[in-house]
Amino acid sequence: MLLFYSLGVASARRTAKVSERLPRGRHGLPREAVTESQRNRILQAMIEVVSERGYPETRVVDVIGVAGVSRKTFYELFASKEDCFLAAYDVLLGNLLGDTAKGFESKPGAPWAERVAAGLGELLKDLAEHPDEARFAIVEVLAAGPKALARRDAALRQFTGFLDAGRAETSVELPGITSLSLAGGVNELLYSEILHGAASRLPSRLPDLMFWIALPFLGPDGAAEERERVRLSMIEG
C-alpha cells in the first residue's frame, strides 16, 4: 500500500552493505564488477545518510564519505544528489513491491483477502526489518522534490492492482477511487509509524489494516472475519 513507483529501473535485490568493500590494491576484478560495487555502496550510503540526516541536509560529501569513494567516482555514476536518491528509491521500491507480489502470489486460488494479507504481511515485515530503508522510502521521499513525488504517486497507483482484484469478490458497485484511497490511507499509517520510530511494530498492524482494506469489498461482517483470521494466524505462526 505504500509507497511505490514506476519501477522501470528497479532491482530485485537489496543494495550491497557499505561494509562490503573491494580489497585495496590490485584485485584483478573486471571493471564492470568494480563499478557495480561502487554503485551499490553509494546507493546504500545515500539510504543511510538520508535516513539519519534527512534529504535536505544530506550532501554528496557525506554520501561519498560513508561509501568510501571519491567525488569523481560519484559523478561518473550519478548526475546529482537527486539522481542518486531516485536510483536508490527505485531499487528499494522494486524490492518492496516485488516482495509484496511474491506474498500475494504465494496463495494461488485462495480468497482475495487472504492473498492481500499475505502480500501486505511481507511488506510490513520488510519495513520493520529495514527501518533506514523504510524512513528513506516512506518519509524522506516527500522532501526529495517533484520527481520523487511523481514516483511515489505512480507507486501508490501500481499497488492498487492488488486491491482492485477484490472487485471480483463483491457485489457492491464501488467508486473507481476506492483502491487508490485505501492505498493512500495505508501509506499514511506507515508514514506516521515510521516517522515516530515505530517501524518495528508495523507487522502487528496487519489485522486492523486488513479490516479496513476488506471493508468496502466484503462488508462489516466479512472484514471482521478477515481481521480475526489474520489475528489468529499471527498467533499460531
Side-chain angles (χ1 to χ4, degrees), residues 2-99 122-123 125-152 155 190-191 193-200 202:
L2 47 165
L3 26 114
F4 319 115
Y5 329 8
S6 296
L7 302 169
V9 294
S11 166
R13 60 184 182 277
R14 295 198 177 275
T15 53
K17 297 298 181 184
V18 174
S19 59
E20 295 175 0
R21 306 206 185 271
L22 291 171
R24 293 182 179 276
R26 295 179 179 274
H27 42 63
L29 295 175
R31 179 59 190 167
E32 292 79 8
V34 174
T35 299
E36 181 179 9
S37 174
Q38 291 171 332
R39 179 181 175 83
N40 285 341
R41 282 155 46 191
I42 292 170
L43 293 179
Q44 182 64 31
M46 174 63 74
I47 293 167
E48 292 184 9
V49 176
V50 167
S51 67
E52 179 181 350
R53 294 178 175 232
Y55 181 79
E57 300 302 318
T58 293
R59 303 171 300 169
V60 169
V61 67
D62 303 319
V63 175
I64 63 177
V66 173
V69 301
S70 67
R71 180 178 291 270
K72 178 175 180 292
T73 295
F74 179 93
Y75 284 108
E76 286 175 347
L77 296 171
F78 302 100
S80 62
K81 180 181 86 168
E82 179 189 46
D83 182 43
C84 183
F85 179 95
L86 295 176
Y89 187 68
D90 284 338
V91 171
L92 291 188
L93 267 295
N95 291 333
L96 289 169
L97 190 58
D99 287 345
E122 288 298 318
L123 172 62
K125 177 183 173 184
D126 273 2
L127 294 173
E129 291 179 349
H130 304 278
D132 286 355
E133 296 179 5
R135 187 174 186 89
F136 182 96
I138 307 286
V139 176
E140 293 303 327
V141 64
L142 298 177
K147 290 182 180 179
L149 291 177
R151 277 171 158 80
R152 174 184 178 273
L190 299 179
Y191 174 88
E193 295 282 58
I194 294 165
L195 180 66
H196 293 97
S200 63
L202 286 174

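When all heavy atoms of Leu43 and Ala88 are compared, the pair lying nearest together is CD2-N, 3.6 Å. Nearest heavy atoms, Lys147 versus Leu86: CB-CD1, 3.9 Å. Of all heavy-atom pairs between Ala148 and Phe85, the closest is CB-CE2, 4.2 Å. Between Glu140 and Gly54 the shortest heavy-atom distance is OE1-CA, 3.4 Å. Scanning all heavy atoms of the two residues, the minimum distance from Tyr191 to Leu142 falls at CE1-CD1, 3.5 Å. Shown here for Ala199 and Pro131, the closest heavy-atom pair between the two residues is CB-CB, 4.4 Å.
Side-chain contact between Leu77 and Ile42: present, with at least one pair of heavy atoms (C-beta onward) separated by less than 4.5 Å. No side-chain heavy atom of Lys81 sits less than 4.5 Å from a side-chain heavy atom of Arg59.
In this structure, CD on Glu122 lies 13.0 Å from CG on Leu97, to the nearest 0.5 angstrom. In this structure, NZ on Lys125 lies 12.5 Å from CG on Leu127, to the nearest 0.5 angstrom. In this structure, CD1 in Ile64 is found 12.0 Å from CD in Gln38, a value given to the nearest 0.5 Å. Distance check: Arg53 CZ to Glu48 CD gives 12.5 Å after rounding to the nearest 0.5 Å. Atom-to-atom distance recorded for Asp99:CG and Asp126:CG is 4.5 Å, nearest 0.5 angstrom. To the nearest 0.5 Å, atoms CZ (Arg151) and CG (Asp90) are separated by 4.5 Å.
For the ring pair (Phe, Tyr, Trp, His ring centres under 6.0 Å) test, residues two or more places apart in sequence or in another chain that qualify with Phe78 are Phe74. Partners of Glu57 according to the salt bridge (Lys or Arg N to Asp or Glu O under 4.0 Å) rule, which considers only residues two or more places apart in sequence or in another chain, do not exist here.
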